[in-house]
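Accompanying notes for the structure given below.
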Amino acid sequence: MSLALPDKVNVLLVGSGGREHALAWRLMQSPHLGTLWVDRDANAGLLECGRPCPEPFTLARKYYLDRWLAKENIGFIIIGPEQPLAEGLSDAFATSTRPVFGPSKAAARLEWDKAYAKSIMRQSSVPTAEGRVCTTLNAALTYVTERDEPCVVKAAGLAAGKGVAVCKDKAEAVAAVKRCMESKTFGDAGTTVVIEERLEGQEISVLALVDGRTITLLDTVQDHKQVGEGDTGPNTGGMGAYCPTPLVDDALLASIAHDIFVPTVDGLRRQGVEYRGVLFAGLMLTHAGPKVLEFNCRFGDPETQTLMARFRGDLLKVLWQTATGTLADAEFSFDERTACCVVVCSKGYPGKVRAGLPVSGLIPLRGSDGGASSPYHFHGGTRLAKDRTVGTAGGRVVGVTALGANLGEAVRAATQGCECIGFDGAFFRRDIGHRVLAPTHADR
Ligand code: AMP
Ligand code: GLY
């Protein structure tokens with residue numbers, strides 16, 4: 001479908017978190033934006049950017065959504081999270097005149113089925129951790145007890161970022177397998193497990209826009225998954241990120257495009273699957289070169305907050321071009337400065353958190369003001385109460401995102417910005433960027 005972008009288009013942005021708030025803010029600066037509609041469950045920040053869709057964006061409401069989309073003359077749908085993509089909502093709502101940004105269910109399988117992703121990588125010689133797919137408890141237990149090296153046990157399906165156990169010994173691996181396949185902690189997502197070698201190195205996030213043919217890599221990001229400073233404690237959705245990372249130079253980026261993105265997109269195409277949307281590779285930079293830890297079929301959170309802080313161009317047009325197969329014509333760039341996002345979290349995260357705690361110190365983002373000065377407060381888990389006050393509504397509450405002349409300055413500005421956000425039990429990591437700013441022996 002090669003469809004011209006109208007002068008004005010009404011847009012529905014699906015998803016309710018920090019990633020979507022950052023996308024919404026840049027979308028609002030597009031001269032092509034008519035009315036922006038946001039998710040019915042949008043956070044308080046998103047509600048400052050657009051009007052809430054009256055329906056939940058699910059297949060079960062398709063009849064009502066179709067009528068509403070027609071009534072409001074919605075011309076473009078942008079899907080943020082993985083769940084609706086895994087449910088096939090990109091396929092279900094795209095029409096010949098209304099493109100959807102976000103891959104088809106078949107293409108999104110790279111994220112919702114880690115066993116499938118492994119098979120595509122194997123067939124296409126994409127470097128990834130050596131591993132095995134197990135579909136029975138016995139096979140998985142035998143495999144982890146016979147191995148001598150530390151391993152990683154992954155539920156093959158979507159488990160909201162909780163299905164991966166990085167194990168230091170056999171006992172942990174056995175327990176992780178049993179959690180997936182015996183206690184069924186992740187439901188159907190854990191009926192198949194992928195068990196792979198544990199890789200060492202620095203982890204980076206590389207996101208690319210893909211329109212079926214053209215693949216355009218965005219600047220690279222380093223996320224910090226663990227909850228505690230010094231990368232300690234349980235994994236989270238991401239405690240903070242910075243962009244670009246000096247760990248990747250032009251030559252390495254070119255090899256990542258050539259050895260990872262191109263063969264993966266081609267491997268899908270050989271199976272009759274066209275990838276359109278954003279393809280996000282979580283990579284480990286090992287001594288033997290970059291290797292894929294996982295693919296996501298969506299923008300990352302908090303990676304997107306740092307990318308959007310630096311994005312220069314018309315985001316609406318670029319996403320439209322990606323969705324309609326004309327990415328080769330896209331023009332955009334990234335600010336020279338470094339961006340850092342530090343996420344202010346609620347006590348207890350990544351476990352249980354309290355909702356409804358009043359949040360103070362938030363600066364509204366004037367969406368149309370692209371020049372608003374940083375730090376930007378991208379809302380994650382917030383809710384607008386009936387009395388128009390903002391309360392907490394999740395673990396990752398606000399992503400404070402700042403630009404700086406270098407990484408140190410960006411980190412300082414974002415960290416200082418976090419001090420201004422107040423709610424009961426708020427906490428954040430003060431060491432985002434530490435693996436580059438103050439590398440430990442293992443990082444060198
Ligand atoms: P995933 O959801 O597959 O990205 O896994 C979540 C996190 O687990 C990653 O961000 C890594 O920090 C870690 N991880 C996943 N796979 C491996 C691996 N093969 N070796 C070491 N760490 C891994
Ligand atoms: N920050 C990692 C993710 O979005 O999956």
Side-chain angles (χ1 to χ4, degrees), residues 15 17-20 22-23 80-83 85 108 110-118 121 127-132 144 147 149-168 172-173 176 180 186 189-190 193-207 218 220-227 231-243 245 278-288 290-308 341-343 345 350 378 380 395-396 399 429 432 435 442:
R19 159 186 52 211
E20 286 79 21
L23 292 172
E82 63 276 18
Q83 195 63 46
L85 295 167
L110 275 185
E111 177 165 359
W112 59 260
D113 182 356
K114 286 181 194 284
Y116 175 75
K118 270 283 187 243
M121 286 189 270
T128 182
E130 168 266 318
R132 179 171 300 185
V144 294
R147 286 177 61 100
E149 301 84 36
C151 71
V152 180
V153 177
K154 304 181 173 187
L158 289 184
K162 299 194 173 79
V164 174
V166 180
C167 308
K168 65 174 185 311
E172 281 189 13
C180 288
F186 311 111
V193 296
V194 178
I195 300 164
E196 51 182 47
E197 67 176 316
R198 181 169 160 181
L199 299 174
E200 301 290 340
Q202 296 245 19
E203 208 176 318
I204 58 163
S205 303
V206 185
L207 284 77
L218 308 183
T220 52
V221 187
Q222 187 167 45
D223 185 15
H224 298 65
K225 291 259 170 73
Q226 285 171 278
V227 72
D231 298 328
T232 51
N235 263 349
T236 69
M239 297 295 293
Y242 68 87
C243 168
T245 170
V278 65
L279 180 58
F280 165 172
L283 305 179
M284 192 73 96
L285 300 178
T286 73
H287 290 303
K291 293 191 179 183
V292 177
L293 297 176
E294 65 162 346
F295 281 118
N296 297 313
C297 59
R298 50 164 176 87
F299 281 105
D301 188 335
E303 284 88 344
T304 307
Q305 289 84 323
T306 62
L307 285 164
M308 288 303 110
C341 173
V342 179
V343 184
C345 299
F378 296 123
R396 294 191 293 167
R429 278 182 64 169
I432 301 306
R435 295 192 73 173

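We count ligands from 1, going down the list as the structure has it; atoms in each ligand are counted the same way.
Per-residue contacts place Met284 under 4.0 angstrom from the following atoms of ligand 1 (heavy atoms of the residue considered): 21 (C), 22 (N). Here is the list of ligand 1 atoms found below 4.0 Å of a heavy atom in Lys114: 1 (P), 2 (O), 3 (O). Close contacts between ligand 2 and Asn296 involve ligand atoms 5 (O) [criterion: under 4.0 Å to a heavy atom]. Shown in contact with Glu303 at under 4.0 Å from a heavy atom are these atoms of ligand 2, numbered in order with element: 1 (N), 2 (C), 4 (O). Listed by number with element, the atoms of ligand 2 under 4.0 angstrom from any heavy atom of Gly237 are 1 (N), 2 (C). Atoms of ligand 1 lying under 4.0 Å from at least one heavy atom of Asn235, given by number and element, are 7 (C), 8 (O). Within ligand 1, counting atoms from 1 as listed, the ones closer than 4.0 Å to a heavy atom of Glu203 are 9 (C), 10 (O), 11 (C), 12 (O). Of all atoms in ligand 1, numbered sequentially from 1 with element shown, those under 4.0 Å from a heavy atom of Glu197 are 18 (C), 19 (N), 20 (N). The atoms of ligand 2 that sit less than 4.0 Å from any heavy atom of Asp223 are 1 (N), 2 (C). For ligand 1, the atoms sitting less than 4.0 Å from at least one non-hydrogen atom of Ala129 are 19 (N), numbered in the order shown with element in parentheses. Atoms of ligand 1 found under 4.0 Å from any heavy atom of Glu196 (numbered from 1 in listed order, with element): 16 (N), 17 (C), 18 (C), 19 (N).
Among the atoms of Gly238, none of the N or O lies under 3.5 angstrom from an N or O of ligand 2. Geometrically, ligand 2 and Lys225 share no nitrogen or oxygen pair separated by less than 3.5 Å.
Across all non-hydrogen atoms, the minimal contact from Ala241 to Thr306 is O-CG2, 3.4 Å. The minimum heavy-atom distance linking Pro81 with Arg19 is given by the pair CA-NH2, 3.4 Å.
Among all protein heavy atoms, the one lying closest to atom 5 (O) of ligand 2 is Arg298 NH2, 2.9 Å. When only non-hydrogen protein atoms are considered, atom 17 (C) of ligand 1 lies nearest to Leu293 CD2, 3.4 Å. Looking only at protein heavy atoms, the nearest one to atom 20 (N) of ligand 1 is Leu199 N, 2.8 Å.
At least one heavy atom of Gly300 lies less than 4.0 angstrom from ligand 2. Contact analysis puts Phe280 in contact with ligand 2, with a non-hydrogen atom separation below 4.0 angstrom. At a 4.0 Å cut-off, not a single heavy atom of Lys291 sits close enough to ligand 1 to count as contact.
At a heavy-atom distance under 4.0 Å, only side-chain atoms of Val166, from C-beta outward, approach ligand 1. Counting heavy atoms under 4.0 Å from ligand 1, residue Val164 touches it through the side chain alone.
Classification of Arg198 and Glu149 as a salt-bridged pair fails, no side-chain N sitting under 4.0 Å from a carboxylate O. Classification of Lys154 and Glu294 as a salt-bridged pair fails, no side-chain N sitting under 4.0 Å from a carboxylate O.
Checked by atom type and distance alone, the side chain of Arg396 pairs as donor or acceptor with a backbone atom of Gly237 at under 3.5 Å. The backbone N or O of Val221 sits nowhere less than 3.5 Å from a side-chain atom of Thr245 that would complete a donor-acceptor pair. No donor-acceptor pair under 3.5 Å is formed between the side chain of Asn296 and the backbone N or O of Arg298. Of the possible donor and acceptor atoms, one in the side chain of His224 sits under 3.5 Å from a partner among the backbone N and O of Gly240. A distance-only check finds a donor-acceptor pair linking the side chain of Arg429 to the backbone of Gln226 [under 3.5 Å].
By the 4.5 Å heavy-atom criterion applied to side chains, Lys168 and Pro150 are not counted as neighbours.
Taking all heavy atoms of Glu294, Lys162, Lys154, Glu111 into account, the minimum distance to atom 16 (N) of ligand 1 is reached by Lys154.
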Task: Stepwise side chain to side chain contact (heavy atoms under 4.5 Å, CB included) check, Glu197 with Arg147 - done: CA-CA 9 Å; Glu197 67 176 316; Arg147 286 177 61 100; 3.9 Å; yes

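Checked options Gln202, Glu203, Glu303, Arg435; the residue passing with Gln222 is Gln202 (criterion: side chain to side chain donor-acceptor pair (under 3.5 Å)). Of the residues Leu199, Ile204, Thr128, the one that meets the side chain to side chain contact (heavy atoms under 4.5 Å, CB included) test with Leu293 is Leu199.
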